[in-house]
Amino acid sequence: MKVTRIAYSTALNPGKYAALVEQARRLGRVRSEVWQRFGSVGGTGSGLKDRQVRDRWLVDGTHGSFGVLANAWKETVRDAMAHIAANLAAAKVEARWAVLRRTSDPAERKRMLSALATDRWVADPFLARQMRKHWKRGRNRTHDQIVVRADQHNSVVDRRGRLWLAVPGLERRRMVRIPLSTTVAPAGTLRLILRDGRVEVHYQIDSSQMRSSRRPCGNQTVGVDKGYSEVLTDSDGARHGRGLGELLAGESDRLKERNRRRAKLRSIANNAARDGDRAKAHRIRSNNLGTVKRDRQAARHRARLRTEVFNAVHRVVDKAATVVAEDLTKHFTGRKRLGKNINRRLATWTKGVTAEALASVSARRGSALVHVNAAYTSQTCHRCGRFGRRSGDRFHCTGCGVVWQADVNAAINILQRAGDSDIALHTPYQKVRQILQGRTDRHRTRLPVQDSSPATAERRANHPNRSAMSN
C-alpha cells in the first residue's frame with residue numbers, strides 16, 4: 001500500500017519559481033486539450049489509453065505546439081487520462097447502486113453490472129441514462145502542477161546539509177534546483193504543486209516504511225459510529241477524538257468573524273472605486289483582501305483536523321481486529337433545515353477524512369474494515385429494536401423506556417447489522433424500515449420471527465414469554 005508524503009521548498013529563488021509557473025501553465029494547456037478531446041464516451045469511455053493518445057499526437061504533430069519537453073507533456077497526458085478514468089469510475093459506482101436498487105433478479109443484475117464493467121453501457125438505455133446523469137463532461141482547472149517521471153529528477157545534499165531537488169525545466173539539459181525543507185529525498189514519480197511562491201513536492205512511499213504500520217491491531221470486533229463532538233464512538237462506549245468538536249467550532253467561529261471583517265473591507269473598497277478613488281480601492285484589495293494568509297491558515301486547520309481523525313482511528317484499531325462502520329463515502333440528503341451557524345460547522349464535517357483514515361489505517365495495520373447499511377441505526381433501540389426518539393446525545397426508547405447515549409446505541413446497532421442476513425449494504429432505506437417495522441410488530445404480538453433458525457424457534461417454544469429482541 002502506498003501513502004503520499006509532501007515536501008516543501010524553502011527560500012526558493014523568484015526567478016526559478018517564475019520558470020516553474022510558466023512550465024505549469026503550458027502543461028495546463030496540455031491537460032485542457034486532453035479533457036477536450038478525450039473526456040467523453042468516445043475517449044476514455046471507449047477504452048482509449050494514454051499511450052494511444054501520445055502516439056496520435058506524435059503522428060499528427062500536435063505535440064509541437066506545447067512548448068515543453070517530451071517527457072513533461074507525455075507524463076501530463078498520462079496523468080490527465082488517469083483523472084478522466086477516475087471520474088468515469090466514480091460515475092460507475094453511482095450507476096451500480098442504481099442497478100442494485102432497480103432490480104433484485106440475479107440474472108438481470110449480473111447482465112447490467114457486466115455491461116457496466118466492460119464499458120458496454122451505451123447500448124443499455126437504463127445504464128446510459130444513469131451514466132449521463134453521474135458522468136458529466138468535465139474541464140481542466142489545473143494549471144499549477146508539473147508531473148516529473150522517476151528517472152527525470154535527482155537530489156543532492158550541499159555542505160550545509162540542505163537537500164536540493166533538481167527537476168527538468170523548459171530547456172533541454174537545463175535543470176531547476178529547488179531547496180527543500182526536509183532531509184529525506186523524494187523518490188518515484190513526483191507531482192509539483194505551485195502555491196503562493198512555494199513548491200509542494202508530492203511523492204509516495206511504501207506504507208510498510210511507516211512506524212505506525214508496525215503497530216499491531218487488537219483482537220475484538222468493534223462497531224463505530226461517526227460523530228461531531230468526537231471522531232468516532234465505538235460499541236464498547238469509548239469515545240475517540242474528543243477534540244474534534246472544539247476544533248471545528250473554533251474554526252467555524254473564526255471564519256465567521258473573519259468573513260464579516262472582509263465583507264466590510266470589500267464594501268469600503270467597492271464604494272471607493274465607485275466614487276473614483278481607485279487608489280484606495282487598490283490598496284485595500286492588495287493589502288487587506290489577499291488570499292496567501294487565508295490559504296495557509298486553512299492548510300494548518302486541515303492538518304490539525306487530519307491529525308485528530310487519524311489518531312482516533314488508530315486508537316480504535318488498537319483494540320479491533322475487525323471494524324464495522326457505515327460507508328461514509330455515500331451522500332445523504334437531510335430533511336431538516338438548520339441555521340446558518342450549524343450549517344457552517346457541518347460544512348466542515350470530516351466524513352471524507354474519516355472514511356480515508358478508516359480505510360488507510362485498517363489496511364496498513366492488518367485490521368478488517370466491514371461496511372454495513374447504517375439506515376435507522378440511530379433511530380432504533382439496540383435492545384428491543386423499536387423506533388425511538390433522539391434528542392441531542394440522548395436516545396429515548398419508547399419500547400423498553402430506557403434512555404441510551406445516542407452514539408453508543410448507534411454503534412451497537414452498526415455492530416449488530418454486520419450479522420443481519422436481511423439487510424444488505426445496498427438495501428434501500430425504505431425496505432430497511434419495512435424490515436425493522438415488521439420485526440417490531442412480531443415482537444409486540446410475540447409471533448416467531450420468520451427468518452429464525454430451528455434452534456432459536458425451539459428456544460422460543462420452551463420460553464414463550466421471551467422474545468428474540470429482549471434476549
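- Residues satisfying the salt bridge (Lys or Arg N to Asp or Glu O under 4.0 Å) criterion with Arg129, sequence neighbours excluded, are absent altogether.
- Evaluation of the side-chain contact (heavy atoms from CB on, under 4.5 Å) rule for Ala418 yields Val324, Val372 as partners, not counting sequence neighbours.
- A salt bridge links Glu356 with Arg306: the closest approach of a Lys/Arg side-chain nitrogen to an acidic carboxylate oxygen falls below 4.0 angstrom.
- Considering all non-hydrogen atoms of both residues, Gly218 and Ala321 come closest at O-CB, 3.2 Å.
- The only option from Val231, Val316, Asp318 that meets the side-chain contact (heavy atoms from CB on, under 4.5 Å) definition with His240 turns out to be Val316.
- For Arg386 and Asp441, the salt-bridge test fails: no basic side-chain N is under 4.0 Å from an acidic carboxylate O.
- Contact check on Arg195 versus Asp295 returns no salt bridge, with no Lys/Arg side-chain nitrogen under 4.0 Å from an Asp/Glu carboxylate oxygen.
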Please lay out, stage by stage, how Asp420 and Arg439 fare under the test salt bridge (Lys or Arg N to Asp or Glu O under 4.0 Å).
CA-CA 12 Å; Asp420 197 322; Arg439 293 176 180 176; 2.8 Å; yes
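- A donor-acceptor contact shorter than 3.5 Å links the side chain of Thr118 to the backbone of Ser114.
- Closest approach of Leu244 to Gly227, counting heavy atoms only: CD2-O, 4.2 Å.
- Comment: Asp407 engages Arg390 in a salt bridge, judged by a side-chain N to carboxylate O separation of less than 4.0 angstrom.
- Shown here for Leu163 and Ser155, the closest heavy-atom pair between the two residues is CD1-CB, 3.9 Å.
- The shortest heavy-atom contact between Ile284 and Leu265 is CG2-O, 3.7 Å.
- Inter-residue side-chain proximity for Tyr17 and Leu194 is flagged as met; some heavy-atom pair is nearer than 4.5 Å.
- With sequence neighbours excluded, the residues that form a ring-ring contact (aromatic ring centres under 6.0 Å, His included) with Phe387 are Tyr376.
- Judged by a 6.0 Å distance limit and a 45° cone about the ring axis, Arg177 is positioned over the six-membered ring of Trp164.
- Residues Arg5 and Gln204 bring no donor and acceptor atom of their side chains to less than 3.5 Å of each other.
- Looking at heavy atoms from C-beta onward, Val313 lies in side-chain contact with Leu232 at the 4.5 angstrom threshold.
- No side-chain heavy atom of Leu192 sits less than 4.5 Å from a side-chain heavy atom of Glu200.
- Salt-bridge check for Asp144 with Arg25: failed, with every basic side-chain N at 4.0 Å or more from each acidic carboxylate O.
- In this structure a side-chain-to-backbone donor-acceptor pair under 3.5 Å is present from Asn373 to Ala424.
- Scored by the salt bridge (Lys or Arg N to Asp or Glu O under 4.0 Å) test, Arg78 finds Glu75 as partners (sequence neighbours excluded).
- Side-chain contact between Leu165 and Leu190 is present, with at least one heavy-atom pair separated by less than 4.5 Å.
- Side-chain atoms of Asn413 and Thr377 form no donor-acceptor pair, as typed in the model, at a separation below 3.5 Å.
- In this structure, the side chains of Leu328 and Lys226 come closer than 4.5 Å at one or more pairs of heavy atoms.
- The closest side-chain heavy-atom distance from Gln405 to Arg239 is below 4.5 Å.
- When only modelled atom types and interatomic distance are considered, Gln297 and Arg254 share a side-chain donor-acceptor pair under 3.5 Å.
- The heavy-atom pair separating Ala115 from Leu127 by the smallest distance is CB-CD1, 3.9 Å.
- With a 6.0 Å cutoff to the six-membered ring centre and a 45° limit on the axis angle, Arg102 counts as a cation-pi contact of Phe126.
- Take His314 and apply the side-chain hydrogen bond (donor to acceptor under 3.5 Å, both in side chains) test, not counting sequence neighbours, and it matches Arg365.
- With a 4.5 Å cut-off on side-chain heavy atoms, Ser391 and His396 count as touching.
- With values rounded to the nearest 0.5 angstrom, Asp79 atom CG is found 8.5 Å from Thr142 atom OG1.
- Separating the CZ atom in Arg417 from the CG atom in Asp422 is a distance of 10.5 Å, to the nearest 0.5 Å.
- With values rounded to the nearest 0.5 angstrom, Thr189 atom OG1 is found 8.5 Å from Asp151 atom CG.
- Side-chain contact between Leu436 and Val432 is present, with at least one heavy-atom pair separated by less than 4.5 Å.
- Not counting sequence neighbours, the partners of Trp404 by the ring-ring contact (aromatic ring centres under 6.0 Å, His included) test are His382.
- With respect to the salt-bridge test (charged N to carboxylate O, under 4.0 angstrom), the residues Asp234 and Arg315 do not qualify.
- At a threshold of 4.0 Å, the pair Arg261-Glu257 counts as salt-bridged, since one of the basic side-chain nitrogens sits closer than that to a carboxylate oxygen.
- Leu358 contributes atom CG, which lies 6.5 Å from atom OG1 of Thr354 (distance to the nearest 0.5 angstrom).
- To the nearest 0.5 Å, the span separating CZ on Arg433 from OG1 on Thr380 amounts to 10.5 Å.
- To the nearest 0.5 Å, the span separating CG on Leu113 from CZ on Arg96 amounts to 7.5 Å.
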